[in-house]
Amino acid sequence: MPQRILVIGGAGYVGSTLVPKLLNQGHRVTVLDTFWFGKAVFDEYLTKNLYRFRQLFMMEGDIRNCDLGKIMADADCVIHLACISNDPSFELNRDLGRSINYDAFLRVIDAAQKAKVKRFIFASTSSVYGIKKEENVTEDLELEPITDYSKYKAFCEMELRMIPAEKLPWVIIRPATVCGYASRLRLDLTVNILTMAALTKGKITVLGGSQKRPNINIKDMADLYVQLIKEPDEKIVGQTFNAGGENLSVMDIAILVQKFLQDFRDKKVEIEIKPTDDLRSYHVSSEKIKRELGWQVLFNMQDAIWSLVDAFEKGKIPNPDDPKYYNIKTMQKLNIS
Ligand SMILES: NC(=O)c1ccc[n+]([C@@H]2O[C@H](COP(=O)([O-])OP(=O)(O)OC[C@H]3O[C@@H](n4cnc5c(N)ncnc54)[C@H](O)[C@@H]3O)[C@@H](O)[C@H]2O)c1
């Protein structure tokens, strides 16, 4: 059934793929965003789907100070994606990071309860686990976040867990690192970084290489949020789910990119290995979400590599060094405080 969905941070990397999918399902979507990465993210979609214009509402606002009560008043479902969304950008200004990722999150969940939204979906992160010795990282393991970005995600999770389902029917998703092309593109994420380096320099530099990094294709990520809107309360409310596709080592990802370009573009790519102190390695298990929601990934890492190569060749990434593709560079350029 079509719903009124508020996507907070909906003009970001994940949102730019998710929102068109929601519109295609017939939902009415409001995007609340500061639009740090631009407002044009849905232009291509809307040009091809003109009749969806009336179903999309773009609202410029900052969750730290906008009137969330008013914005949420007619929302059935809220998907909360907005934050300072990686470690380096968070480290740039910790006070800012905390104010958006945690303090404003409290405003968001307070407003969501008052507005009586029927579903609240929170994008946490699989990095809340920190480094684990367990072979498979499952949802019941203790959270030992190492960085402030993941620490405040864990705090947000704790805040949600204190709210009874009848006050706010929440669900938490802990996604792996997302990969693949999107209209608001991030080139500061593992698979995307390695693919663009191969395409533009013919050389991939791997730091360490043995670290396992769980990944999820952006299309599967977006499909999951769409699915979460449809699931009955009894299956998801009050639940936390990991969501990841392949768990490959960084070196294996580099080899995959190298092989892809060799096989499909006859392009030689060199792999250079450099030492690193950051050997964080984890294997995230998505068995719970598969078992309980029948969730399946439909796209793999090659699909993500392919989508980036295709976009690059079609001129959709004209300047891969543009700060807009890198969260930390955008934050520095906009001097956000
Ligand atoms: N991309 C990944 O690999 C990944 C992995 C795990 C979890 N996540 C989580 O998924 C969510 C979406 O990630 P993404 O990659 O799309 O991030 P993103 O940085 O591309 O998008 C975040 C969006 O939020 C907006 N925003 C930031 N602060 C705001 C504020 N104060 N008020 C309103 N809007 C604000 C930004 O303008 C941006 O459009 C984040 O919560 C992130 O932590 C992402």
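Ligands are counted one by one from 1 in listed order, and the atoms in each one are counted from 1 as well. As the structure is a computational prediction, the values presented were derived from the model and not from experiment.
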Is there a heavy atom of Gly61 sitting under 4.0 angstrom from any atom of ligand 1? yes

For ligand 1, indicate whether the residue Arg186 contacts it via side chain, backbone, both or neither (heavy-atom separation under 4.0 Å). side chain

So, is Thr34 polar-close to ligand 1, with some N/O to N/O distance under 3.5 Å? yes

Do the numbers put Lys132 on top of the ring of Tyr129, so that NZ or CZ is under 6.0 Å from the six-membered ring centre and no more than 45° off the axis? no

Hey, are Thr240 and Arg161 close enough side-chain-wise for a donor-acceptor pair under 3.5 Å? yes

Where's the contact between Ile100 and ligand 1, heavy-atom distance under 4.0 Å: side chain, backbone, both or neither? side chain

With heavy atoms of Ile63 as the reference, note each atom of ligand 1 found under 4.0 Å away. 30 (C), 31 (N), 32 (N), 33 (C)

Result for side-chain contact (heavy atoms from CB on, under 4.5 Å) between Ile79 and one of Leu228, Ile173, Ile229, Ile8 points to Ile229

Sole residue of Leu6, Val108, Ile109 in side-chain contact (heavy atoms from CB on, under 4.5 Å) with Leu68: Val108

Checking a contact table here: which protein heavy atom is nearest atom 11 (C) of ligand 1, and how many Å away? Leu81 O, 3.4 Å

Given that the side chain starts at C-beta and the backbone is N, CA, C, O, which of these parts of Phe37 lies under 4.0 Å from ligand 1, counting heavy atoms, or is it both or neither? side chain

For ligand 1, which part of Tyr149 has a heavy atom less than 4.0 Å away: the side chain, the backbone, both, or neither? side chain

State plainly whether the residues Lys153 and Glu157 are in salt-bridge range, i.e. N to O under 4.0 Å. no

Is the shortest distance from a Lys or Arg side-chain nitrogen in Glu272 or Lys203 to a carboxylate oxygen in the other one below 4.0 Å? yes

Quick one: look up the protein heavy atom nearest atom 27 (C) of ligand 1 and list residue, atom name and how far away it is. Trp36 CZ3, 3.2 Å

In this structure, atom 23 (C) of ligand 1 is nearest to the protein heavy atom Gly9 O, 3.6 Å

Should Ser85 be counted as touching ligand 1, given the test is an N or O pair under 3.5 Å? yes

When you measure from atom 36 (C) of ligand 1 to every protein heavy atom, which one gives the shortest distance, and what is it? Asp33 OD1, 3.4 Å

Counting from 1, what ligand 1 atoms have a heavy atom of Ala176 closer than 4.0 Å? 5 (C), 6 (C)

Please list the nearest protein heavy atom to atom 6 (C) of ligand 1 with its residue and the distance rounded to 0.1 Å. Pro175 O, 3.5 Å

Shortest protein contact, atom 13 (O) of ligand 1 (heavy atom only): Val14 CG2, 4.0 Å

Which is it for Arg174 and ligand 1 at heavy atoms under 4.0 Å: side chain, backbone, both or neither? neither

Applying a 4.0 Å heavy-atom criterion (strictly less than), which segment of Asn327 is in contact with ligand 1: side chain, backbone, both, or neither? side chain

Ligand 1 contact on Ile8 by region, counting heavy-atom pairs under 4.0 Å: neither

Provide the number and element of each atom of ligand 1 under 4.0 Å from a heavy atom of Ala82. 24 (O), 26 (N), 34 (N), 35 (C)

Matching residue for Asn192 among Tyr13, Tyr181, Tyr325 - test: side-chain hydrogen bond (donor to acceptor under 3.5 Å, both in side chains): Tyr13

Describe, in one word, how the ring planes of Phe260 and Trp306 are oriented to each other, choosing from parallel (under 30°), tilted (30 to 60°) and perpendicular (over 60°). tilted

I'd like to check which ligand 1 atoms, numbered from 1 as shown, lie under 4.0 Å from a non-hydrogen atom of Arg184. 18 (P), 19 (O), 20 (O)

For Asp62, take its heavy atoms, then give the atoms of ligand 1 lying under 4.0 Å from any of them. 30 (C), 31 (N), 32 (N)

Would you say Glu166 has more than 12 foreign heavy atoms packed within less than 6.0 Å of its CD? yes

Taking the six-membered ring of Phe37, is the NZ or CZ of Lys324 close enough (under 6.0 Å from the centre) and on axis enough (within 45°)? no

Under 4.0 Å from a heavy atom of Gly12: which atoms of ligand 1 are those, numbered in the order shown and with their elements? 16 (O), 20 (O), 21 (O), 38 (C), 39 (O)

Atom 44 (C) of ligand 1 within contact range, any protein heavy atom under 4.0 Å: no

Is it true that Arg98 and Asp103 have a side-chain N and a carboxylate O under 4.0 angstrom from each other? yes

Asn136-Thr138 side chain donor-acceptor pair, cut-off 3.5 Å: no

Around atom 22 (C) of ligand 1, find the nearest protein heavy atom and jot down its residue, atom name and distance. Cys83 O, 4.1 Å

Taking distance alone, with N or O pairs closer than 3.5 Å, would you say Val178 contacts ligand 1? yes

I'd like to check which ligand 1 atoms, numbered from 1 as shown, lie under 4.0 Å from a non-hydrogen atom of Ala11. 39 (O)

Salt-bridge criterion met for Lys219 and Asp223 (N-O under 4.0 Å): no

Between Tyr152 and Phe105, does the ring centroid distance fall short of 6.0 Å? no

Pick one of side chain, backbone, both or neither for how Ser124 approaches ligand 1, counting any non-hydrogen atom pair under 4.0 Å. backbone

Considering the heavy atoms of Ala123, write down every atom of ligand 1 situated less than 4.0 Å from one of them. 10 (O), 11 (C), 41 (O)

If you measure from each heavy atom of Lys153 to ligand 1, is any distance below 4.0 Å? yes

Under a plain distance cut-off of 3.5 Å, with no hydrogens placed, do Ser89 and Asn86 share a side-chain donor-acceptor pair? yes

For ligand 1, is any non-hydrogen atom under 4.0 Å from Cys66's backbone (N, CA, C, O), its side chain (CB onward), both, or neither? neither

Is the shortest heavy-atom distance from the side chain of Pro214 to the side chain of Thr177 under 4.5 Å? no

Glu44 and Lys316 ion-paired at < 4.0 Å: yes

